[in-house]
Trainee: 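Sending over a structure as structure tokens; questions will come in a sec.
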Amino acid sequence: MLKKSLIAKTQGKANKEQTVIIDNIRITYITPCLIRVEVDEFTDLASQTVWFRAFESGDMRVNKSGKYITAETEKAIFTIKKGKPYSVLIKDTGNTEIFSKQKNLKGTRRTLDQVSGGARLDEGLITENGAYLLDDSNTMLLNEEGIFVPRKGGKDYYAFAYGKNYRQTIQAFYSISSPVPVIPRYALGVWWSRYHAYTQKEYLDLMAEFKNRDIPLTVATVDMDWHWVHNIKDKFGVNYSGWTGYSWNKELFPDYKEFLRKLKEQNLHITLNLHPADGVHSYEDMYEDMAKAVGIDPAAKKTVDFKCGSDDFWNAYFDILHKPYERDGVDFWWIDWQQGKTSDVKGLDPLPALNHYHTLDNAEDGRMPMILSRYAGLGSHRYPLGFSGDTYINWETLDFQPYFTANAANAAYSWWSHDIGGHQWGGRDDDLYLRWLQFGVFSPIMRLHSTATPVLGKEPWKYRSDVYKEAKRWLNLRHKMIPYIFTMDHRTHSEGIALCEPMYYSYPNDIRAYSVKNQYMFGSELICAPITHPQHKEIEMGSAQVYVPKGRWVDIFTGQAYENSGIVTMFRDLDSFPVLAREGAIIPMSADKGNKVDNPQRLEIWAFSGDGEFTLIEDNSKTDFAQHLCKTKMTILYTENKVTFTIGKPEGDTEVIPTHRDYKIIVKDLEHNGQPVVIELNNCTCDREYSVSVDNVKRVQKMELTDAVIHYLSRWQQKTIKKMSPYRKLEKCTTPQELLAALPSSGLPRAVAGALREYAVQS
């Protein structure tokens, strides 16, 4: 029998009043916009995808007329034809949608291994008109003992009908499948990873180098060479490749416990790479205990096979192979499964089984559970983080990743981790490295990684000096942003809203929101549009096409403001890319030194003029976090010449935050007497509210038109004499409208004209 910690808590049986049976069909009311339809075989067991079906019953009237069955709720009328949901009338819109004719906006895929450029995605839960039919008929079931078992047959459908309320579709799916877990705070910082056979000293020296260069790391990853990999036959007399292993390579790591202890002393959290497919061989340190646990005579030296269908194997797999290393300091495991989709259990893909049991086991001692593994279909959101695999190093691959990352929200999968910078092949391109790193900083997980090639490393100081300087700045920014990202982490768990989300979730009725595939919301306050193409040589700037929604938006790096601008091509130097803050945005960041991820004693808050609020969420970093949350509400109010910033009294468990805090509030788009607006509040306690106003402020203005013309024509990589004719034409312009009218006939290259066009549409 599986140990208790490996048995998931599910509630697959619906309440009796939720269900109606007609002939061989059972219809279950879940919400007014979501029903379940089973045909021939009914099951109350949780499935690999759906764990919960017991909800408060609503009004559902079911009727049969000829070959049609209708199920009417207060929000929709579902039509079932030949046992299968065929169409739905969504009452809010008055539209009848046929499930098979919906334009699916796609979801994600198992892996990006060997991908160079784009890749085909699986279907997601989101369709353009908002009606989706989830066929759950072929997934495995979870019985009461926590074991994956096959179905007996029949069909099992879930019909969603939320229209263009896309978030509600995803939230409904979470309600039946399980919320997204809260990601441990340390995972939101900067990771180091490389497929390289490090020695103990080499790895520790590298971590020291990052610290000496003031680049904060929070996760130290050791790839597969932590265990014995090479020359297994010569060392142990076993003819084996070494792909799977569980014993530390003492030639590389003579004292692994000391190695782990020293990493812990540097505030690093640790993950080790696993390839479990080949079982446990006789040379492993823990072979004798494993053999006995599964009923093998150790003297026989028979390999302990990896078996998904053996409770004894799973129990021993964790208690004997993994738990001892966790007690020594390993925080979680990187499950690098690449060995196919079949196992000793008919119909069971080993990947979802590994993800499922590893996540449950990782929470056994009260830690927030986490793994790093590949996506295994709908329901995989329960087992973050996603490892997207071994991509190629080229601009085409970078250009695909922002879309791939945000679009995974359509599959309810919000925590992808990429090999930032790409994994293999390709060639050296310092600009590509920096652009990829910028995307990584504003993606769910910032994990530097590459293959073992000696001349391919992602250490920032291995790149040219200007790129190194910028990489260091960006990586420090990622660490500073942990308070903001962790608050969004909690929002994902409690509200079902992904950190990175397609623009059409917020603006479903604006067709332009669907056209910017590489643009996404980054939490509640920001829009990101990574630059994923090389610099325009004419002007030495990169560009991205950006949809600017209604309202006022300010680039957090350049200060450029846009209002109701629509689609804008934005040009940026290599040191930035378009990240837009909404009016009234508040972005809390840590101002503590070093690489710790504790709830900070010093906070630096970037704010933007307007009326807005933000509630900072902090906790105790344990699985009982729900009882140990602290919430601090911050507000900004702006009138024509006055700004007021208020930090509310922290609410909840104030024991999890420092007793005294220092705040530095920077209102990024305001100035006071020609200087930036900076408010400092020091030694603040948890028992009161703090509010400060600054008068005589005004919004930062964009540069004068003539200065803009000179600026961009100066940047133009061209002989001066060839610049003069366009300059004389444009210098006569006195308004942005005149500039826009003059640009088509100016003779300027597209990039130079584009940069001036962007200037003209700024507010």
Side-chain angles (χ1 to χ4, degrees), residues 503 507 510-519 527-583 608-610 668-669 698-763:
M503 293 304 298
Y507 307 96
D510 190 334
I511 194 171
R512 295 170 297 183
Y514 297 80
S515 68
V516 283
K517 291 189 174 183
N518 271 11
Q519 182 181 328
I527 286 173
C528 293
I531 293 176
T532 57
H533 298 281
Q535 301 282 88
H536 298 282
K537 295 302 181 183
E538 307 97 318
I539 200 170
E540 289 297 334
M541 300 179 84
S543 68
Q545 194 176 60
V546 183
Y547 161 60
V548 183
K550 289 182 179 180
R552 187 173 190 270
W553 297 82
V554 178
D555 189 303
I556 69 173
F557 301 119
T558 68
Q560 293 164 243
Y562 308 83
E563 193 160 1
N564 302 329
S565 301
I567 299 290
V568 180
T569 301
M570 298 186 182
F571 290 79
R572 297 293 183 270
D573 281 314
L574 192 59
D575 63 356
S576 76
F577 75 96
V579 179
L580 308 182
R582 69 171 68 252
E583 191 170 24
F608 296 82
S609 62
K668 301 281 284 184
D669 63 332
K698 64 178 183 178
R699 283 175 166 166
V700 177
Q701 301 298 305
K702 67 180 179 180
M703 74 174 83
E704 295 294 331
L705 192 152
T706 302
D707 294 336
V709 170
I710 293 172
H711 174 73
Y712 288 112
L713 265 66
S714 296
R715 293 194 61 124
W716 182 14
Q717 306 294 298
Q718 183 55 273
K719 293 179 179 180
T720 303
I721 193 171
K722 291 190 176 182
K723 299 182 183 183
M724 295 313 297
S725 177
Y727 172 70
R728 291 190 184 100
K729 186 177 183 68
L730 298 179
E731 71 170 337
K732 299 175 184 177
C733 299
T734 59
T735 66
Q737 291 74 24
E738 288 181 6
L739 178 62
L740 286 172
L743 283 173
S745 60
S746 65
L748 291 174
R750 181 178 299 177
V752 185
L756 282 166
R757 190 174 294 109
E758 181 197 357
Y759 163 81
V761 301
Q762 293 171 36
S763 61

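In this chain, numbering begins with 1 at the start of the sequence shown. Every heavy atom of this structure was used, including side-chain atoms; hydrogens, water molecules and symmetry mates were not. Computed from a predicted model, the values in this text were never measured in an experiment.
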Trainee: Assess whether atom NZ of Lys723 is packed by more than 12 heavy atoms of other residues, nucleotides or ligands within 6.0 Å.
Mentor: yes
Trainee: Rounded to the nearest 0.5 Å, how far does OG1 of Thr558 lie from NZ of Lys668?
Mentor: 10.0 Å
Trainee: Spell out, as yes or no, whether a donor-acceptor pair under 3.5 Å connects the side chain of Glu731 to the backbone of Lys729.
Mentor: no
Trainee: Using only atom types and a distance under 3.5 Å, with no angle test, would you say the side chain of Asp669 pairs donor to acceptor with the backbone of Ser609?
Mentor: yes
Trainee: Once salt bridge (Lys or Arg N to Asp or Glu O under 4.0 Å) is applied, do any residues pair with Arg582, and if so which ones, sequence neighbours excluded?
Mentor: none
Trainee: Can you name the side chain to side chain contact (heavy atoms under 4.5 Å, CB included) partners of Ser565, sequence neighbours left out?
Mentor: Val548, Tyr562, Val568
Trainee: Please find the pair of heavy atoms, one from Ala544 and one from Ile531, that lie closest to each other, and give the distance.
Mentor: CB-CG1, 4.1 Å
Trainee: Report yes if some heavy atom in the side chain of Gln762 is under 4.5 Å from a heavy atom in the side chain of Met703; otherwise report no.
Mentor: no
Trainee: Listed by chain and number, what are the salt bridge (Lys or Arg N to Asp or Glu O under 4.0 Å) partners of Asp707, not counting sequence neighbours?
Mentor: none
Trainee: Going by side chain to side chain contact (heavy atoms under 4.5 Å, CB included), name the residues that satisfy it together with Ser763, two or more places apart in sequence or in a different chain.
Mentor: Arg552, Ala561, Glu563
Trainee: Give the C-alpha distance, both sets of side-chain angles, the deciding distance and a yes or no for side chain to side chain contact (heavy atoms under 4.5 Å, CB included) between Glu540 and Gln717.
Mentor: CA-CA 8 Å; Glu540 289 297 334; Gln717 306 294 298; 4.0 Å; yes
Trainee: Quick one: salt bridge (Lys or Arg N to Asp or Glu O under 4.0 Å) partners of Asp510, sequence neighbours excluded?
Mentor: Arg512
Trainee: Could you tell me the separation between the CG atom of Leu739 and the NZ atom of Lys732, rounded to the nearest 0.5 Å?
Mentor: 14.0 Å
Trainee: Distance-only check: which donor-acceptor pairs under 3.5 Å involve side-chain atoms of residues 748-755, not counting sequence neighbours?
Mentor:
none

Trainee: Is there a side-chain contact between Cys528 and Asn518, using heavy atoms and a 4.5 Å cut-off?
Mentor: no
Trainee: Should we count CD of Gln718 as having more than 12 external heavy atoms under 6.0 Å?
Mentor: yes
Trainee: Taking it one step at a time, do Leu730 and Leu743 satisfy side chain to side chain contact (heavy atoms under 4.5 Å, CB included)?
Mentor: CA-CA 8 Å; Leu730 298 179; Leu743 283 173; 4.2 Å; yes
Trainee: Decide if atom NZ of Lys702 counts as having more than 12 heavy atoms of other residues, nucleotides or ligands within a radius under 6.0 Å.
Mentor: yes
Trainee: Can you name the residues that form a salt bridge (Lys or Arg N to Asp or Glu O under 4.0 Å) with Arg757, not counting sequence neighbours?
Mentor: none
Trainee: What residues form a side chain to side chain contact (heavy atoms under 4.5 Å, CB included) with Thr734, not counting sequence neighbours?
Mentor: Glu738
Trainee: Quick one: do Ile556 and Phe608 satisfy side chain to side chain contact (heavy atoms under 4.5 Å, CB included)? Show the steps, please.
Mentor: CA-CA 9 Å; Ile556 69 173; Phe608 296 82; 3.4 Å; yes
Trainee: Tell me, please, which residues at least two apart from Asn564 pass side chain to side chain contact (heavy atoms under 4.5 Å, CB included).
Mentor: Lys550
Trainee: Do any pairs count as a ring pair (Phe, Tyr, Trp, His ring centres under 6.0 Å) and have a residue in residues 704-746, sequence neighbours left out, and if so which ones?
Mentor: none
Trainee: With a 3.5 Å distance limit and no angle check, can you tell me whether Glu758 reaches the backbone of Phe571 through a side-chain donor-acceptor pair?
Mentor: yes
Trainee: Is any side-chain heavy atom of Pro549 closer than 4.5 Å to a side-chain heavy atom of Met503?
Mentor: yes
Trainee: Do Pro578 and Arg572 come close enough that some side-chain heavy atom pair is under 4.5 Å?
Mentor: yes
Trainee: Taking only residues two or more places apart in sequence, or in another chain, which ones meet Phe577 in a ring-ring contact (aromatic ring centres under 6.0 Å, His included)?
Mentor: Phe442, Trp474
Trainee: If you measure from CZ on Arg715 to CG on Leu713, what distance do you get to the nearest 0.5 Å?
Mentor: 12.0 Å
Trainee: Can you name the ring-ring contact (aromatic ring centres under 6.0 Å, His included) partners of Tyr507, sequence neighbours left out?
Mentor: Tyr547
Trainee: In Å and rounded to the nearest 0.5 Å, what is the CD to CG distance from Gln535 to Leu574?
Mentor: 5.0 Å
Trainee: Let me see the working for Ile567 and Val516 under side chain to side chain contact (heavy atoms under 4.5 Å, CB included), right down to the final yes or no.
Mentor: CA-CA 9 Å; Ile567 299 290; Val516 283; 4.1 Å; yes
Trainee: Any side-chain heavy atom of Tyr759 sitting closer than 4.5 Å to one from Val709?
Mentor: no
Trainee: So how far is it from Asp555 CG to Ile527 CD1, rounded to the nearest 0.5 Å?
Mentor: 11.0 Å
